[in-house]
Amino acid sequence: MHLLLVDGSGYIFRAFHALPPLNRKSDGLPVGCVQGFCNMLFKLTQDMDGDDAPTHMAVIFDAKGKTFRDDIYPLYKAQRPPAPEELIPQFPLTRSATRAFSIPSIEMEGWEADDIMATYACMARKAGFKVTIASSDKDLMQLVEPDGSIRLLDTIPRPGQPPLRWIGPDEVFTKFGVTPDKVIDVQALCGDSVDNVPGVPGIGVKTAAQLITEYGDLETLLSRAEEIKQPARRQKLVDNAELARISKRLVTLEQQVPVEIDLDGLIRQPMRPSALFPFLKAMEFNTITKRLATLLEANPDDFEPDATLAANTDTPVPGAPQRSTSLSVAKAKLAANMVPGSGPARHAAEEHARVKAIPVNYDSYETVTTPEALEAWVKKIIDKGLVAVDTETTGLDPQQADLVGICLSTEFGEGCYIPVGHRKSGDMFEGGEGLVEGQLPIREVLDTLRPVLQDKAILKIGQNVKYDMEVLTRYGITLAPIDDTMLISYALDGPRYNGMDVLAEHWLNHKTITYSELAGTGKNQKTFDQLEIAEAARYAAEDADITLRLWHVLKPRLSAENVTTLYETIERPLAPVLARMEARGITVDRQILARLSGDFAQRAAAFEAEAHELAGQSFNLGSPKQLGEILFDKMGIEGGTKTKTGAWATGADVLEGLAAKGIPLARTIVDWRQLTKLKGTYTDALPNYINPRTGRVHTSYSQASVLTGRLSSNDPNLQNIPVRTEDGRKIRTAFVAPEGKTLISADYSQIELRVLAHIADIQALKDAFEEGLDIHAMTASEMFNVPVEGMPSDVRRRAKAINFGIIYGISAFGLANQLGIERGVAGEYIKTYFERFPGIKDYMDAQKARVKADGHVMTIFGRKIQFPNANSGNPSERSFVERASINAPIQGSAADIIRRAMIRMEPELKKAGVEADMLLQVHDELIFEVPEGTEDQAIPVIKKVMEGAAEPAVRLTVPIQVDAHAAKNWDEAH
DNA sequence: CCTGCCCCATA
DNA sequence: GTATGGGGCAGGA
């Protein structure tokens, strides 16, 4: 028994590249490839004839669409150009050709041809077959068997070489330097630039083969990577272990594809003139027709050309065996990836168990107070190639806090604390005087550690490393490269377990010492420099120890759960970018804010007096409770609603309603609230955030707080600076460029609607964006049959609300509230919208189904957004999850896009020779500071980076538009 | 002094 | 209808 498997897709591309480009038949259909394909197929069967002729045969093709490999690594084969246009109609024709030759043609959605071939080869070998795979694809070399039961056959003509070249174990060894069973391990390390398999950067086939030969296999190599002598090579492997594991999964062929045809279905059939000649004649392949006519002793004139083949169809050839029609099997997830017992998942589980089993031992921690001890730690770090680092400081503001100590750990269960800034508790007014004795001088410690902290070959692991980076930057140390357990956890599980204490509790079942236990709480809480060194050391060294443990638990999960790409391409590189933005800060004009505060205070006081007058009594306008009682109890206004705790609702929408009903007090309160809000939250608060050292305001971005992947900003929050009202915008005028500089604001136009159009594949929306239309007006025109020209503003406003509603997972209830209309009317609007844009409903239903089935939805860049209560018994909770699951991929994909833009921005600006400092991010907007007069150089670069940020990982099917303006303050630049 | 609630600023 | 952070009030320590 002998099975011949033909790599059909390989044959097509070979035919395409080997033959003169445009060979068309008389009706213009390009068929050059089909012709080449037929010739090669025919020649192969002729060449294989003889004593050892195949008894079974099939041609296997790649199916359209994604495979499980795209889930593992979205960049897989990402840089492949799309198939040439003239090739596209020829794909189905090659299937028809195969069937015309009475050979089964097999392809399955969700799998590559290689997987199907691997499956058949494996099946056949077990059944005692000999297997030949006609392909020169090196990825198939992993299937070669030492006993010769599976071989490849390379039939590409090469000058000076025999037409048929067998590839057995020896040939594989020549190519990869290892036996066939180790080929995947080698490929995992060296990668493949053609298919975009990453491998370990900087490791080629030779090095890979040498490493695998020495360590036996990939997993052993990775677990013992720290033993490698060459520092650079060791570091590459330690850093990129997960990438290697991913690569291995990408190159490993699946041998368990659920094929529908068994081996008996592949028994060779004689060529049948009734199948063959109608096809060949339709294709107008005269030469091969003649040759086959001779061979089969048939007369082609007895057959009519198959008319169905004149067009571009995949109609089966009449008379061809039924079983050989193409298969289309629904994409199924590979069992191997789901089972916890398999490769990366098992590795992750084992690491978790190993780390968890070792209890925290505070006695094992060391306090470093001598140069010798410090040197010993440096040596340990160099030997190990990685270190967990944590800094202890006097406060929480990374732009102000002073360094008090550094903790390190190279081996979990161990750790040290290096105190450098503990102060004596001297007189209480000065807050202490002088350093506690017995600490190494801070300069000496930093100078000793600097080489390892900046060493490219030593990985620094931290929890919320951005903080430590900012502190250390102020002491002249650039911490790099880094890994961050908080960000790894965020990439895996979202913001669910933020904070090291929660992570330690959850993953290690260990309660860490809390800072309150150590330093007290409230206004008497000690700052870190006031703590006893011995006490501080336990807490601090534990931080480093736990961080390293968490890293060992969490890092392997990245590859086991297909999150490596997200982490490596978005989260990890973003942290240093944010650190620099925070360090730069932005100039805020104190005078402007002070003037505004005065103005707002005066006007608010007038409103307050007016309100007391109208209410007929004095009361606290800031108390919703008192206000509600006055409006609805004392004044007896009808129609008030209660909040869920039973208090009167007095929100702005309620008050607007009352004002419209002719209650002047309501309007007065709204106006008063607006002014006091602006004053309290902005004009009074912001000046307190001006850093005395830099004279600027430094917000802090949280990279790991938001479910959808957005950033959040706090202390102060610079992502909610007012913009909608005139008074509000005045606050923006206080955000200024310093002398000699200009601000640039660049914002994505309608990014979320564009993302929606792409994800949900809504042609009407895409067309509108392509044509640069006013999207809300277009929607209004579609929905209400009103021409865009001269459209009343209220019609557009309604459409705009609906568009936003769609993004938010619309409900009739919510839309009615927003527009102040009846529920029923809102329901009709939604119905009409779904009719006009039918794909939207499909998208929404798909997300709802997905979140129920998987417990998560995904952005286009593979960020998973978890909804643990997707199947909650509580109906309102469930509806909430449904709406959020509709919104999350849209908001999240947009968030991923701007994150990618931010990561690329600095290098691209530098490359373009443009000096521009990125200062702020406000979800769809980036703010820069540039030297005055260079705006026109900076803006095009900024726009280009932002507009192209999705590429090449995702090719968006809508244009992305960024608007950018320059001015001296944020209000005018926006 | 801490916490929950209400309200409101942004995308 | 989505996602946040923060100020002020009120109530319970």
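Below, chains carry the letters A, B, ... as their sequence lines are ordered, and counting in each starts from 1. All of these numbers come straight from a predicted model, not from anything done at the bench.
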Using a 4.0 Å heavy-atom cut-off, write out nucleotides 8-13 of chain C from 5' to 3' as B (base contacted by protein), S (sugar-phosphate only) or - (no contact). -SSS--

In whole Å, I'd like the distance from the [atom1] atom of [X] to the [atom2] atom of [N].
{"X": "A:Asn717", "N": "C:dG5", "atom1": "CG", "atom2": "C1'", "result": "5 Å"}
{"X": "A:Phe813", "N": "C:dT2", "atom1": "CZ", "atom2": "C1'", "result": "16 Å"}
{"X": "A:Ile886", "N": "C:dA3", "atom1": "CD1", "atom2": "P", "result": "12 Å"}
{"X": "A:Gln818", "N": "C:dT2", "atom1": "CD", "atom2": "P", "result": "12 Å"}
{"X": "A:Leu686", "N": "C:dG6", "atom1": "CG", "atom2": "P", "result": "11 Å"}
{"X": "A:Tyr682", "N": "C:dG5", "atom1": "OH", "atom2": "P", "result": "13 Å"}
{"X": "A:Asp924", "N": "C:dA3", "atom1": "CG", "atom2": "C1'", "result": "13 Å"}
{"X": "A:Leu753", "N": "C:dT2", "atom1": "CG", "atom2": "C1'", "result": "13 Å"}

From the options [options], select the nucleotide whose nearest atom is closest to the side chain of [X].
{"X": "A:Asn714", "options": "C:dG1, C:dA3, C:dG5", "value": "C:dG5"}
{"X": "A:Ala685", "options": "C:dG5, C:dG1, C:dG7", "value": "C:dG7"}
{"X": "A:Asn817", "options": "C:dA3, C:dG1, C:dG5", "value": "C:dG1"}

Just checking [X]: base, sugar-phosphate only, or nothing, at a heavy-atom cut-off of under 4.0 Å?
{"X": "A:Arg710", "answer": "base"}
{"X": "A:Ser811", "answer": "base"}
{"X": "A:Ser713", "answer": "sugar-phosphate"}
{"X": "A:Ile807", "answer": "nothing"}
{"X": "A:Ile721", "answer": "sugar-phosphate"}
{"X": "A:Asn720", "answer": "base"}
{"X": "A:Arg673", "answer": "sugar-phosphate"}
{"X": "A:Ala888", "answer": "nothing"}
{"X": "A:Ala649", "answer": "sugar-phosphate"}
{"X": "A:Thr650", "answer": "sugar-phosphate"}

Atom [atom1] of [X] and atom [atom2] of [Y]: how far apart are they, to the nearest 0.5 Å?
{"X": "A:Arg850", "Y": "A:His856", "atom1": "CZ", "atom2": "NE2", "answer": "7.5 Å"}
{"X": "A:Ile806", "Y": "A:Ile886", "atom1": "CD1", "atom2": "CD1", "answer": "8.5 Å"}
{"X": "A:Ser749", "Y": "A:Arg754", "atom1": "OG", "atom2": "CZ", "answer": "4.5 Å"}

Which is the 5'-most and which the 3'-most nucleotide of DNA chain B that has an atom under 4.0 Å from a heavy atom of chain A? B:dC1 to B:dA11

In terms of heavy-atom contacts, A:Glu925 and A:Arg732 come closest through OE1-NH1, 4.4 Å

Are the side chain of [X] and the backbone of [Y] linked by a donor-acceptor contact shorter than 3.5 Å?
{"X": "A:Gln463", "Y": "A:Met486", "value": "yes"}
{"X": "A:Ser893", "Y": "A:Thr859", "value": "no"}
{"X": "A:Tyr490", "Y": "A:Val706", "value": "yes"}
{"X": "A:His698", "Y": "A:Ala583", "value": "yes"}

Partners meeting side-chain contact (heavy atoms from CB on, under 4.5 Å) with A:Asn817 (sequence neighbours left out): A:Phe813

Within residues 797-806 of chain A, those residues having any heavy atom closer than 4.0 Å to DNA chain C are A:Ala801, A:Gly805

Taking DNA chain C as the partner, which of residues 821-844 of chain A come within under 4.0 angstrom of it by heavy atom? none

Going by the angle between their ring planes, with limits at 30° and 60°, are A:Phe735 and A:Trp970 parallel, tilted or perpendicular? perpendicular

Just wondering, are more than 12 heavy atoms of other shown residues or ligands nearer than 6.0 Å to CZ in A:Arg823? no

Kindly check if the number of other-residue, nucleotide or ligand heavy atoms within 6.0 Å of NZ (A:Lys852) is above 12? yes

Return yes if a side-chain donor-acceptor contact under 3.5 Å exists between A:Gln847 and A:Glu882, otherwise no. no

Hey, could you give me each pair passing salt bridge (charged side-chain N to carboxylate O under 4.0 Å, His left out) that has a residue in residues 855-873 of chain A? Not counting sequence neighbours. A:Glu571-A:Arg863, A:Arg863-A:Asp896

Centroid-centroid distance, A:Tyr833 to A:Tyr829, less than 6.0 Å: no

Aromatic contact between A:His612 and A:Phe619, with the criterion being ring centroids under 6.0 Å apart: yes or no? yes

If only side-chain N and O atoms of A:Ser712 are considered, is one of them under 4.0 Å from the OP1 or OP2 phosphate oxygen of C:dG5? yes

